[in-house]
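These notes are about the structure you will find just below.
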Amino acid sequence: PCPAGTGPEANVEKQLRFQPSGQTQSIIDLVVVNTTAYAPVWNTERNGMAGNFGQINLKVNLLIGFRFCFMLADTNDEVNVSQWSMTFYDFDSTWQLGEDEVLLVNPKQYASYEVSNSTELSIATTSDGLKSFRSATYGTGGDNPDDPNDLNQQQSDRSVTFRFVDRSCFDISFGVL
C-alpha cells in the first residue's frame, strides 16, 4: 500500500506497528500504513504511541487514506479477528483556522458504530456512500484525553467506536480540512 522508498530506509514500506493490540490466542500487532500520499505537519517521530493512545500527525488540508490490519507479531501475515472494536478520539476543530477533523469510512466494513447520546460529531453519508464523522466544536490541547478508560463527558462526546466482525483489516480516510 505504501510506495517503496517512503519509509525511513530506501525501498522499505513505512508503517506504524502497535504491540500488543488485543486479547487473542495469538500474539498480534496492529499495523497502520498509508494508502495515499502522506504528509506530516511535524516530524514523523511524533507518530506512534502518545501515552495510552496511538497518534498520527497530519498536515492540514489533506485527506489521507490509511489501512489498519491485525498481523501476526513481527510478520506481515494478516490475522482475521472474530469480533473487535476500535475507537477514534478527540475530534475537534481548531479555533485559529476553523479546520475540522474528518474521518471517512465505508459502512460495509463495520458492523456498527457508537457515539454518545450528546455527541459533538457531525455524522453524515457522503454522495459516494461513505460515512463521514466530522468535528463540530472547538478544542484545545488541554481538553485531550489521557486515558481511554477514564473519559469525561466532553471527551466521550468527541469520539466514535466502530465494531467489526470477522475482519483482519479496515480502511479509512482522515484529514484536517
Side-chain angles (χ1 to χ4, degrees), residues 1-3 6-7 12-36 38 44 47-58 63-92 101-126 128-135 144-175:
C2 298
T6 60
V12 175
E13 182 177 69
K14 175 82 174 183
Q15 64 179 321
L16 291 173
R17 189 173 283 265
F18 298 94
Q19 306 163 327
S21 57
Q23 301 291 325
T24 65
Q25 294 177 347
S26 300
I27 301 297
I28 58 174
D29 298 338
L30 176 63
V31 177
V32 182
V33 297
N34 56 296
T35 58
T36 62
Y38 169 74
T44 56
N47 292 341
M49 290 303 295
N52 293 311
F53 298 92
Q55 172 178 285
I56 303 172
N57 74 81
L58 306 174
L63 191 62
I64 301 169
F66 293 98
R67 171 164 279 187
F68 293 73
C69 291
F70 288 113
M71 296 187 181
L72 289 175
D74 301 319
T75 75
N76 287 323
D77 298 332
E78 292 180 10
V79 176
N80 195 49
V81 180
S82 60
Q83 293 185 30
W84 52 281
S85 62
M86 167 105 30
T87 302
F88 292 86
Y89 296 93
D90 195 38
F91 283 81
D92 52 23
E101 294 176 353
V102 179
L103 182 144
L104 300 172
V105 61
N106 185 327
K108 293 178 182 176
Q109 295 185 98
Y110 58 84
S112 64
Y113 73 87
E114 183 178 330
V115 295
S116 69
N117 289 334
S118 54
T119 186
E120 294 182 9
L121 302 181
S122 174
I123 303 168
T125 302
T126 66
D128 55 354
L130 300 177
K131 193 61 101 171
S132 168
F133 300 84
R134 179 182 287 266
S135 58
N144 293 351
D146 294 319
D147 183 346
N149 297 310
D150 186 26
L151 302 176
N152 64 32
Q153 189 61 53
Q154 182 183 59
Q155 293 164 342
S156 292
D157 292 345
R158 293 180 177 178
S159 65
V160 57
T161 299
F162 296 96
R163 306 228 183 277
F164 299 91
V165 176
D166 294 324
R167 291 194 75 87
S168 58
C169 300
F170 72 99
D171 298 298
I172 65 162
S173 293
F174 191 78

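The ring-ring contact (aromatic ring centres under 6.0 Å, His included) test applied to Phe170 returns Phe68, Trp84, Phe164, not counting sequence neighbours. In this structure, Glu101 has no salt bridge (charged side-chain N to carboxylate O under 4.0 Å, His left out) partners at least two apart in sequence or on a different chain. Residues meeting the salt bridge (charged side-chain N to carboxylate O under 4.0 Å, His left out) test with Asp90, sequence neighbours left out: none. Glu78 pairs by the salt bridge (charged side-chain N to carboxylate O under 4.0 Å, His left out) definition with nothing, not counting sequence neighbours. For Asp171, the salt bridge (charged side-chain N to carboxylate O under 4.0 Å, His left out) partners two or more places apart in sequence, or in a different chain, are Arg67.
Closest of all the heavy-atom pairs between Phe66 and Ile56 is CZ-CG2, 3.9 Å. Taking every heavy atom of both residues into account, Thr87 and Ser159 meet most closely at CG2-CB, 4.1 Å. Counting all heavy atoms, side chain and backbone alike, Phe53 lies closest to Pro145 at CE1-O, 3.4 Å. Closest non-hydrogen pair, Asn144 versus Gln155, comes out as O-NE2, 3.3 Å. Of all non-hydrogen atoms in Gln153 and Ser118, the two that sit nearest each other are NE2-OG, 3.2 Å. Residues Leu121 and Ser135 share a closest heavy-atom pair of CD2-CA, 4.4 Å.
Atoms OG1 and CG, from Thr36 and Leu63 in turn, are 7.0 Å apart once rounded to the nearest 0.5 Å. For the atom pair Ser173 OG and Asn34 CG, the distance stands at 11.5 Å (nearest 0.5 Å). Summarising the geometry, atom CG belonging to Leu30 is positioned 10.5 Å from atom CD belonging to Gln15; distances are rounded to the nearest 0.5 Å.
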side-chain contact (heavy atoms from CB on, under 4.5 Å) between Ile27 and Gln19, intermediate numbers included: CA-CA 9 Å; Ile27 301 297; Gln19 306 163 327; over 6 Å; no
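Residues Ile123 and Tyr113 meet the side-chain proximity criterion, which asks for heavy atoms closer than 4.5 Å. Residues Val105 and Phe88 have side chains not in contact (no heavy-atom distance under 4.5 Å, counting atoms from C-beta outward). The shortest side-chain heavy-atom distance between Tyr38 and Leu58 falls under the 4.5 Å cut-off. Proximity of Asn47 to Asn57: side-chain heavy atoms (C-beta onward) are separated by under 4.5 Å at one or more points. For the pair Gln109/Ile172, no side-chain contact is recorded, criterion being any heavy-atom separation below 4.5 Å from C-beta on. Residues Ile28 and Val81 are in side-chain contact: their nearest non-hydrogen atoms beyond the backbone lie under 4.5 Å apart. For the pair Asp77 and Met71, the minimum side-chain heavy-atom distance is 4.5 Å or more. Side-chain contact between Leu104 and Ser132 is present, with heavy atoms from C-beta onward closer than 4.5 Å.
Crowding of Asp146 atom CG: a count of heavy atoms from other residues, nucleotides or ligands under 6.0 Å not exceeding 12.
Contacts classified as salt bridge (charged side-chain N to carboxylate O under 4.0 Å, His left out) and involving residues 152-166 (residues at least two apart or in different chains) are given here: Asp92-Arg158, Glu114-Arg163, Glu120-Arg158, Asp143-Arg158.
A ring-centre distance under 6.0 Å is not found for Phe91 and Phe133.
Looking only at distances, no side-chain donor or acceptor of Asp29 sits under 3.5 Å from a matching main-chain atom of Val31.
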